[in-house]
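All values below were derived from every heavy atom in this structure, side-chain atoms included, with hydrogens, water molecules and symmetry-related copies excluded. Counting from 1, the numbers follow the sequence of the chain as shown.
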Amino acid sequence: MSDYQLKDKVVAITGASGGFGAVLCKALYERGAKLALFDIDDAALAAQLEHYPDAYRAKSWHANVCDTDSLRDAMNAAADYFGGIDVVIANAGIDLIEPLTADGDDNFDRVIDINLNGVWRTFRAALPHVKKSSGYLLAMSSIAAFVHSPLQASYTASKAGVWALCNSVRLELRQYGVSVGTLHPTFFKTPLLQNISDNNAGNALWGAHKEFPFKTVAINEVVDAAIAAIENRAQIVTVPRMNGIIASAPGLFRKFIEGIGFKDKNVRKAMGFANDK
């Protein structure tokens with residue numbers, strides 16, 4: 001039995017209407033949580049609310065993780081509506097394949113701003129409320145925090161940064177009874193994954209995700225891991241669990257994973273596809 005039960009807990013989540021966010025919200029709701037749904041897509045939020053018949057247990061607010069004031073307004077409004085906030089999940093994120101050699105627009109800053117700076121802004125906006133509730137902050141990271149794919153400098157840097165950010169603020173916030181965790185799934189099927197893997201460069205890099213270390217897991221496995229992280233106020237959770245070995249010793253295992261996962265010929269092939277726009 002977990003110590004931190006979700007029933008009647010107020011959970012605020014960014015990127016709530018996305019593929020993973022929407023599935024996670026449904027699971028949280030089924031476990032009795034009250035949901036503060038934050039997203040930049042107002043139409044998607046409105047459609048999502050139709051799945052939750054109890055208006056007191058689920059409400060949405062427009063929130064942009066690139067805008068501190070937007071997040072603070074949404075977080076404060078949610079706290080006023082529900083009477084507080086217990087759990088905050090920094091889930092909003094994007095991904096792309098973009099080698100350093102690519103011509104045209106440079107999306108590095110945008111990925112960092114959403115995936116890393118967005119977590120920082122979300123946690124800052126949430127802090128007054130989770131301090132009152134001795135709550136829990138959970139950031140969506142990735143196995144990319146430990147295994148750094150070529151052609152994904154912005155994404156891997158952002159996810160490694162999220163891991164480091166949470167490890168740092170955890171030490172600051174434990175004096176207030178606030179716990180901080182990171183969730184590190186491998187590839188799992190969402191629209192985000194489809195956008196980056198269902199193309200020539202992605203297939204050249206990851207081989208259609210059919211074999212270790214890039215084999216996909218079911219989205220429900222990641223949802224279950226996220227819920228377990230909250231209920232146990234965990235510091236770090238990997239999906240699948242065996243990837244915890246990689247997470248615990250990234251320097252030792254990185255060379256091994258790179259050696260079997262990223263052959264030079266495959267990287268060259270992927271770069272050719274990615275630069276051919």
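In terms of heavy-atom proximity, Ala12 sits nearest to Ile85 at CB-CG2, 4.3 Å. Minimum heavy-atom separation, Asn115 to Gly93: OD1-CA, 3.1 Å. Counting all heavy atoms, side chain and backbone alike, Ala226 lies closest to Phe20 at CB-CZ, 4.4 Å. A pairwise comparison of heavy atoms in Gln175 and Glu172 identifies NE2-O, 2.9 Å as the closest pair. Contact record, Val130 with Val178: O-CG2, 3.5 Å, taken as the closest heavy-atom pair.
To the nearest 0.5 Å, the span separating OG1 on Thr238 from CD1 on Ile236 amounts to 7.0 Å. Taken from CD1 in Ile13 to CG in Asn91, the straight-line distance is 4.5 Å, to the nearest 0.5 Å. Separating the NE2 atom in His62 from the CG atom in Leu37 is a distance of 14.0 Å, to the nearest 0.5 Å. Here the CG atom belonging to Leu100 is positioned 10.0 Å from the CG atom belonging to Leu151, to the nearest 0.5 angstrom.
Salt-bridge formation is detected for the pair Asp113/Arg121: a Lys NZ or Arg NE/NH1/NH2 atom is positioned less than 4.0 Å from an Asp or Glu carboxylate oxygen.
Taking the six-membered ring for Trp and thresholds of 30 and 60 degrees, Phe146 and Trp163 have ring planes more than 60 degrees apart, a perpendicular arrangement.
Under the 3.5 Å distance criterion, the side-chain polar atoms of Ser141 are matched with a main-chain donor or acceptor of Lys159. Within the 3.5 Å criterion, the main-chain N or O of Phe187 finds no donor-acceptor partner in the side chain of Thr216. Side-chain atoms of His184 come within 3.5 Å of backbone atoms of Ser142 as a donor-acceptor pair (strictly under, hydrogens ignored). A donor-acceptor pair is defined here as one N or O able to donate and one able to accept, closer than 3.5 Å; such a pair exists between the side chain of Ser158 and the backbone of Tyr155. Asp86 places no side-chain N or O within donor-acceptor distance of the main-chain N or O of Gly135, the cut-off being under 3.5 Å. Of the possible donor and acceptor atoms, none in the side chain of Ser60 sits under 3.5 Å from a partner among the backbone N and O of Leu45. Using a distance-only test at 3.5 Å, with no hydrogens or angles considered, a donor-acceptor pair links the side chain of Asp39 to the main chain of Ser17. Of the possible donor and acceptor atoms, none in the side chain of Gln152 sits under 3.5 Å from a partner among the backbone N and O of Glu98. With hydrogens and angles ignored, the 3.5 Å screen pairs no side-chain donor or acceptor of Ser168 with any backbone N or O of Ala164. With hydrogens and angles ignored, the 3.5 Å screen pairs a side-chain donor or acceptor of Asp67 with a backbone N or O of Asp69.
Ala74 is linked by a side chain to side chain contact (heavy atoms under 4.5 Å, CB included) to Phe38, Trp61, Ala63, counting only residues two or more places apart in sequence or in another chain. Every residue was checked against the side chain to side chain contact (heavy atoms under 4.5 Å, CB included) condition with Ser134, not counting sequence neighbours, and none meets it.
Using a 3.5 Å distance cut-off with no hydrogens or angles, the side chains of His129 and Asn76 do pair a donor with an acceptor. For the residue pair Arg170/Asn167, the side-chain donor-acceptor check at 3.5 Å is satisfied.
Note: the hydrophobic cluster containing Val87 does not contain Tyr81 (ILVMFWY, side chain heavy atoms under 4.5 Å, direct or indirect links). Cluster annotation: Tyr136 is connected to Leu183 through the hydrophobic network of ILVMFWY side chains, with a link wherever side-chain heavy atoms come within less than 4.5 Å. Leu71 and Val10 end up in different hydrophobic clusters when Ile, Leu, Val, Met, Phe, Trp and Tyr side chains are linked at under 4.5 Å. Leu116 and Val65 end up in different hydrophobic clusters when Ile, Leu, Val, Met, Phe, Trp and Tyr side chains are linked at under 4.5 Å. Following chains of ILVMFWY side-chain contacts shorter than 4.5 Å, one can reach Leu24 starting from Met140, so the two form part of one hydrophobic cluster.
Counting heavy atoms from C-beta on, the side chains of Thr182 and Val237 never come closer than 4.5 Å. At least one side-chain heavy atom of Val217 sits less than 4.5 Å from a side-chain heavy atom of Phe188. Here the side chains of Val111 and Asp95 are not in contact, with every heavy-atom distance at 4.5 Å or above. At least one side-chain heavy atom of Cys66 sits under 4.5 Å from a side-chain heavy atom of Ile114. Between Ile230 and Leu138 there is a side-chain heavy-atom pair separated by less than 4.5 Å. Side chains of Leu96 and Ser154 form a contact here, defined as non-hydrogen atoms less than 4.5 Å apart. Counting heavy atoms from C-beta outward, Arg124 and Thr68 have side chains that stay 4.5 Å or more apart. Within the 4.5 Å cutoff, the side chain of Gln48 has heavy atoms near those of the Cys25 side chain.
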Open item on the list: Under the criterion side chain to side chain contact (heavy atoms under 4.5 Å, CB included), I'd like the reasoning laid out for Gln235 against Val180: C-alpha separation, chi angles, the key distance, then a yes or no.
Closed with: CA-CA 6 Å; Gln235 293 187 10; Val180 182; over 6 Å; no
- [ ] List the steps and the verdict of side chain to side chain contact (heavy atoms under 4.5 Å, CB included) for Ile227 and Leu6.
- [x] CA-CA 9 Å; Ile227 290 172; Leu6 276 163; 3.8 Å; yes
Open item on the list: Let's go through Phe123 and Val119 carefully: what are the C-alpha distance in whole Å and the side-chain angles of both, what is the deciding distance for side chain to side chain contact (heavy atoms under 4.5 Å, CB included) to 0.1 Å, and is it a yes or a no?
Closed with: CA-CA 6 Å; Phe123 284 1; Val119 173; 3.8 Å; yes
- [ ] Could you walk me through whether Leu173 and Leu137 pass the side chain to side chain contact (heavy atoms under 4.5 Å, CB included) test, one step at a time?
- [x] CA-CA 10 Å; Leu173 300 184; Leu137 300 172; 3.8 Å; yes
Could you tabulate the donor-acceptor pairs under 3.5 Å formed by side-chain atoms of residues 26-35, not counting sequence neighbours?
residue: Lys26; atom: NZ; partner: Glu30; partner atom: OE2; Å: 2.6
residue: Tyr29; atom: OH; partner: Asp54; partner atom: N; Å: 3.3
residue: Arg31; atom: NH1; partner: Ala27; partner atom: O; Å: 3.2

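Cation-pi geometry between Arg233 and Tyr4 is satisfied (NZ or CZ under 6.0 Å from the ring centre, within 45° of the ring normal).
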